[in-house]
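Just so it is clear, the model here is predicted, and its values are computed rather than measured.
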Amino acid sequence: MSSTPKGKSNNNNFQKIKRPDVSVRDRKLDTLNVQLKKVDQEITLLRKQIDQYQINDKTANERKSLLDENKEIIKTQANLKTRRNNIHDTIKQLDAQIKRKTNEINDRLGKKNQYNSTAAAKQRIAEIEDIIGSGDLSIVEEKMMVKEMQSLNKLMKDLTLVEPIKKSIDTDKAKIAELKEQLSTLNSREMSNKFEQNQKKLDELQASSQAVYDKRQALYNKRTALYKRRDEIYAQIRQIRTDFDNEFKAFKSKLEKERLKREQDQLLSKVLEEKEGALSKLQEKLTHAKTPAFTYEIEAIENCLVLLDPTFEKPKKNVLSEVTDRSLDTKTNIRKVEASDLVMVEKKDDGYTNTAPSKSKKYKKKSKSKSAANQGESNIFSKIDGKFSLEPTLIATLAELDVIVPISNDDVAKTIEELKTKLEDYKSRQEEQTTKNIADAEEEIKECKAKYDAKEEKIKKDLEEKRLKEQQELEKDSN
């Protein structure tokens, strides 16, 4: 971000931005307008010359008449072709029907049957009856004749059934003959000859008019070239106007960008300052989260176990010595707690609550203040009426750990067991909880970065939208 003094540097930048020169644009446009006027005059002259080279009305009418006649011939020929195709299709269908019906007759009568009519079958039956009536046949021959006569009687029934089929075949053959006669009348040879004659006349007319066509075509080509030249001049004029408009827009855009850049730098500077402050606090939180979880709770439990259980040995390690309660230091003289030494003692209001210990700074400060209040005492036990009672600091610690305060020998054992159980629980969850605390802190850092990145993007987006809106309004005013 620039650190130049306000007002001075920006004014210098504005002076360096040169405004487009309108006079240069106008000089270029004047030259092109002169050329454009000259091209328009030439085009007007060519149009008049084209109108002079026209084909006479008689030739044009004759040519139109021949073309119309050829169109009718083509249309008629197309109709005739369609009719011929339809007739051919009908003949094919009839031929197929005849074949199908013939096959049907052969299937009923048999292809090898020599009697194709009822008359022939009746005549043969009469002959067999005469032969049998003569009495000259043997028994075997007579049986054969009777069998043949029975076959002929059955054949006569089949011939009676196929007789209508034969009649329909004859009808189909008659239709085919009629359709073939129609085909002979649909010959378009005469029309083809007429079409060729008309085309020959059209070619003659075309040849006689070709000179006029050539002159007109030459004029058309010149006019097309002039149209092209005029379009090029128009394109140059549009380009000059567009270039000047773009230069003027760029001039205004540079001024506007400079103003928006200063505004954006100011807003982004403020956001970055807030971001650095927020991330600094979160980094401190991450450093604190890297301290092993439940450190205070574990230390407090171990100190209690040292005082209540002579067999317990506190692990030798240095874990955040600043949160260790000096009034519960392991160097204090230890006296074994006997059941006869314990008496009920009223709890003093030391400002503690019976809640689970916390690793927060507020809680640690509170614990340190309690330790300092009792720092002058050298022993965790004191005598009342010849008996020993638990030190109030120990009672407060047990209460804060949510552990039973012992008032008898049995209660001491239960308290020790409960303390050990809690100690194992805290140790088993220490690594997982520490990892979670670190992950949560890192996630907060990530979210914080994303939040301020989004703010930066929003500032840039808002300023860009503002720039576009102002630019559109400027273009609208200029139009």
Side-chain angles (χ1 to χ4, degrees), residues 20-88 183-250 475 478-479:
D21 192 347
V22 179
S23 60
V24 175
R25 179 201 65 180
D26 292 342
R27 283 197 298 272
K28 293 179 180 178
L29 291 178
D30 291 340
T31 302
L32 292 174
N33 285 328
V34 171
Q35 296 178 8
L36 184 63
K37 184 177 180 181
K38 182 178 179 182
V39 171
D40 286 337
Q41 292 174 351
E42 292 179 0
I43 290 174
T44 302
L45 180 61
L46 283 175
R47 285 175 179 170
K48 293 180 180 179
Q49 293 177 359
I50 290 172
D51 292 338
Q52 293 175 358
Y53 289 99
Q54 297 290 341
I55 300 173
N56 60 67
D57 295 339
K58 181 180 177 180
T59 302
N61 292 335
E62 184 180 0
R63 185 173 183 277
K64 184 176 182 302
S65 176
L66 290 171
L67 289 173
D68 292 340
E69 189 175 353
N70 280 351
K71 289 180 180 178
E72 290 297 326
I73 291 173
I74 292 172
K75 184 177 179 180
T76 303
Q77 287 178 331
N79 292 334
L80 290 176
K81 183 178 180 181
T82 301
R83 291 176 61 186
R84 287 198 302 272
N85 290 336
N86 292 336
I87 291 173
H88 284 301
L183 281 175
S184 62
T185 62
L186 298 178
N187 191 355
S188 61
R189 183 63 184 172
E190 295 180 359
M191 291 186 179
S192 299
N193 293 335
K194 182 64 176 174
F195 182 85
E196 291 176 358
Q197 292 175 4
N198 291 344
Q199 192 63 40
K200 186 176 180 182
K201 290 180 181 179
L202 286 170
D203 293 341
E204 292 174 356
L205 292 174
Q206 179 68 23
S208 63
S209 304
Q210 189 62 42
V212 177
Y213 285 132
D214 292 343
K215 291 180 180 179
R216 284 172 61 88
Q217 188 61 44
L219 293 174
Y220 283 140
N221 293 337
K222 289 182 179 180
R223 189 180 65 177
T224 302
L226 289 174
Y227 282 154
K228 184 177 180 181
R229 174 58 184 158
R230 186 177 64 177
D231 292 340
E232 291 175 353
I233 295 174
Y234 277 130
Q236 292 177 15
I237 291 174
R238 287 193 297 269
Q239 187 62 45
I240 290 173
R241 294 182 182 277
T242 302
D243 291 343
F244 180 82
D245 292 341
N246 291 336
E247 289 177 6
F248 194 75
K249 289 178 183 177
E475 292 177 353
S478 62
N479 293 333

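Every residue meeting the side-chain hydrogen bond (donor to acceptor under 3.5 Å, both in side chains) condition with Tyr220, not counting sequence neighbours, appears here in chain and number order: Arg216. For Thr82, the side-chain contact (heavy atoms from CB on, under 4.5 Å) test picks out Asn86, with sequence neighbours left out.
The distance from atom OG1 of Thr242 to atom CD of Glu247, rounded to the nearest 0.5 Å, is 11.0 Å. Here the straight-line distance linking atom OG1 of Thr31 with atom CG of Asp26 works out to 11.0 Å at 0.5 Å rounding. Atoms CG and CD1, from Asn33 and Ile237 in turn, are 4.5 Å apart once rounded to the nearest 0.5 Å. To the nearest 0.5 Å, atoms CG (Leu36) and CD (Gln236) are separated by 10.5 Å. Put simply, CG on Asn70 and CZ on Phe195 are 4.5 Å apart, with the number rounded to the nearest 0.5 Å. Of the inter-residue distances, the one linking Lys28 atom NZ with Arg25 atom CZ reads 11.0 Å to the nearest 0.5 angstrom.
Between Phe244 and Pro20 the shortest heavy-atom distance is CE1-CB, 3.6 Å. For the residue pair Val39 and Leu226, the shortest heavy atom distance occurs at CG1-O, 3.6 Å. Of all heavy-atom pairs spanning Ile233 and Leu32, the tightest one is CG2-O, 3.6 Å.
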TODO: Run the numbers on Arg84 and Leu80 for side chain to side chain contact (heavy atoms under 4.5 Å, CB included), then give the verdict.
DONE: CA-CA 6 Å; Arg84 287 198 302 272; Leu80 290 176; 3.7 Å; yes
Task: Candidate pair Glu69 and Lys194, rule salt bridge (Lys or Arg N to Asp or Glu O under 4.0 Å), full reasoning - done: CA-CA 9 Å; Glu69 189 175 353; Lys194 182 64 176 174; 3.5 Å; yes
- [ ] Evaluate the side chain to side chain contact (heavy atoms under 4.5 Å, CB included) criterion for residues Leu219 and Arg223: first the C-alpha distance (whole Å), next the side-chain angles of each, then the deciding distance (0.1 Å), finally the verdict.
- [x] CA-CA 6 Å; Leu219 293 174; Arg223 189 180 65 177; over 6 Å; no
TODO: Give the C-alpha distance, both sets of side-chain angles, the deciding distance and a yes or no for side chain to side chain contact (heavy atoms under 4.5 Å, CB included) between Ile43 and Leu46.
DONE: CA-CA 5 Å; Ile43 290 174; Leu46 283 175; 5.7 Å; no
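Among residue pairs with one or both ends in residues 231-245, those qualifying as salt bridge (Lys or Arg N to Asp or Glu O under 4.0 Å) are Arg229-Glu232; sequence neighbours excluded.
In this structure the side chain of Gln217 reaches within 4.5 angstrom of the side chain of Asn221, judged on heavy atoms. No side-chain heavy atom of Asn198 sits less than 4.5 Å from a side-chain heavy atom of Leu67. For the pair Leu45/Gln49, a side-chain contact is recorded, criterion being any heavy-atom separation below 4.5 Å from C-beta on.
Checked for salt-bridge contact, Lys64 and Asp68 meet the test: a charged N lies under 4.0 Å from a carboxylate O.
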